[in-house]
Amino acid sequence: MNKQRVYIERNLHSKSGNIIWKIISTEGGLSKWIADEVVEEDGKFRFMWGDPYGSHEVREAKIMEVVKGEYIKIMWEDETDPEAVIELRMTRNDITGDFVLHVTDWAEPDDVDSLEDIWDQNFEQLHRTCGL
């Protein structure tokens, strides 16, 4: 089964490109909204959810491409579909001057709704932790 592209766009309440860039491209920023802990090492991010001493999940993603101040592309290490690259892209809204975050992810057709729910939760967490 071929994966479907899932595209999500959210307006952020920030005019600071530096803040948004750090949130989408650094281990400290990603750990504020995508996972409980993120570690960057050797061109990879290790994402961890849950209790590190109890029940938890760990996934690694290879950093595929980075254009500083614009976007970062990653791919899960266990991904078998070469097209399934996750992209986090920032742009500026010409009218408000605020930044917009664009997420491109991939899911099996039966999992699209679940993936959209996960990203909605991630954005809620981003709003709670950073006010964006």
Side-chain angles (χ1 to χ4, degrees):
M1 208 179 265
N2 289 337
K3 291 193 173 187
Q4 290 184 352
R5 179 178 174 264
V6 176
Y7 177 77
I8 299 163
E9 178 179 308
R10 293 287 191 280
N11 291 315
L12 303 177
H13 303 290
S14 177
K15 295 181 181 0
S16 173
N18 288 333
I19 289 172
I20 305 306
W21 181 247
K22 287 178 183 175
I23 285 171
I24 69 171
S25 68
T26 68
E27 57 192 2
L30 291 167
S31 66
K32 291 181 183 204
W33 68 295
I34 292 186
D36 295 323
E37 185 178 353
V38 179
V39 176
E40 181 180 1
E41 187 174 21
D42 298 326
K44 296 179 184 178
F45 285 119
R46 185 170 46 260
F47 295 84
M48 293 164 273
W49 297 268
D51 179 0
Y53 302 106
S55 178
H56 66 279
E57 179 181 355
V58 177
R59 289 190 77 190
E60 289 193 355
K62 181 178 179 187
I63 300 170
M64 305 298 288
E65 184 178 355
V66 176
V67 174
K68 189 174 181 181
E70 291 185 33
Y71 65 85
I72 183 167
K73 295 181 180 183
I74 63 173
M75 179 179 270
W76 295 117
E77 287 278 301
D78 58 356
E79 180 58 65
T80 58
D81 183 345
E83 302 276 322
V85 175
I86 300 167
E87 179 181 275
L88 303 174
R89 179 178 293 270
M90 55 186 270
T91 60
R92 186 182 292 272
N93 182 310
D94 291 336
I95 296 170
T96 66
D98 287 342
F99 277 88
V100 179
L101 184 53
H102 310 265
V103 176
T104 302
D105 202 344
W106 300 84
E108 296 293 341
D110 292 343
D111 296 331
V112 168
D113 289 341
S114 295
L115 183 61
E116 289 174 342
D117 289 344
I118 289 169
W119 280 109
D120 285 343
Q121 292 169 11
N122 288 343
F123 277 105
E124 287 174 19
Q125 180 68 15
L126 179 62
H127 182 70
R128 279 193 303 275
T129 60
C130 301
L132 302 175

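Evaluation of the side chain to side chain contact (heavy atoms under 4.5 Å, CB included) rule for D78 yields R59, W76 as partners, not counting sequence neighbours.
The distance from the CD atom of E124 to the CD atom of Q121 is 6.5 Å, given to the nearest 0.5 Å. Interatomic distance, CD1 of I23 versus OG of S16, reported as 8.5 Å (0.5 Å rounding). Atom CD of residue E108 and atom NZ of residue K3 lie 5.5 Å apart, to the nearest 0.5 angstrom. Within the model, atoms OG1 of T96 and NE2 of H13 stand 9.5 Å from one another, a figure rounded to the nearest 0.5 Å. Note that the CH2 atom of W106 and the OH atom of Y7 stand 13.0 Å from one another [nearest 0.5 Å]. Residue D110 holds its CG atom at 9.0 Å from CD of Q4, rounded to the nearest 0.5 Å.
Inter-residue side-chain proximity for L12 and L126 is flagged as met; some heavy-atom pair is nearer than 4.5 Å. For the pair D51/H56, no side-chain contact is recorded, criterion being any heavy-atom separation below 4.5 Å from C-beta on. For the pair I74 and F47, the minimum side-chain heavy-atom distance is below 4.5 Å. At least one side-chain heavy atom of L30 sits under 4.5 Å from a side-chain heavy atom of L88.
Looking at H102, its side chain never comes within 3.5 Å of a backbone N or O of E9 through a donor-acceptor pair. R46 places no side-chain N or O within donor-acceptor distance of the main-chain N or O of E60, the cut-off being under 3.5 Å. Although no hydrogens or angles enter the test, the distance criterion places a donor-acceptor pair under 3.5 Å between the side chain of H127 and the main chain of L132.
For the residue pair K15 and G97, the shortest heavy atom distance occurs at CG-O, 3.6 Å. Scanning all heavy atoms of the two residues, the minimum distance from I8 to F123 falls at CG2-CE1, 3.9 Å. Shown here for Y71 and E65, the closest heavy-atom pair between the two residues is OH-OE2, 2.5 Å. The shortest heavy-atom contact between T26 and G29 is OG1-N, 3.0 Å. What you find for E70 and W21 is that their closest heavy atoms are N-CZ3, 3.7 Å.
Other residues, nucleotides and ligands place no more than 12 heavy atoms under 6.0 Å from the NZ atom of K62. No more than 12 heavy atoms of other residues, nucleotides or ligands lie within 6.0 Å of NZ in K22, so this atom counts as exposed by the packing criterion. Annotation for E83: atom CD does not count as buried by contact number, only 12 or fewer foreign heavy atoms lying within 6.0 Å.
In the hydrophobic cluster analysis, where Ile, Leu, Val, Met, Phe, Trp and Tyr join through side-chain heavy atoms closer than 4.5 angstrom, V6 is grouped apart from V85. Residues V58 and F45 are members of separate hydrophobic clusters, defined by side-chain heavy-atom contacts under 4.5 angstrom among Ile, Leu, Val, Met, Phe, Trp and Tyr. In terms of hydrophobic clustering, with Ile, Leu, Val, Met, Phe, Trp and Tyr side chains grouped at heavy-atom distances under 4.5 Å, M64 and I34 are assigned to different clusters. Note on V38: it clusters hydrophobically with W49, by side-chain heavy-atom contacts below 4.5 Å among ILVMFWY residues. I20 is connected to I63 through a chain of hydrophobic side-chain contacts under 4.5 Å among Ile, Leu, Val, Met, Phe, Trp and Tyr, so both are in one cluster.
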Inset, instruction - Starting from the C-alpha separation in whole Å, work towards a yes-or-no answer on side-chain contact (heavy atoms from CB on, under 4.5 Å) for R10 and V103. - result: CA-CA 9 Å; R10 293 287 191 280; V103 176; over 6 Å; no
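Side-chain atoms of D105 and W119 form a donor-acceptor pair, as typed in the model, at a separation below 3.5 Å.
Every pair tested for side-chain hydrogen bond (donor to acceptor under 3.5 Å, both in side chains) that includes a residue from residues 29-41 fails, sequence neighbours excluded, so the list is empty.
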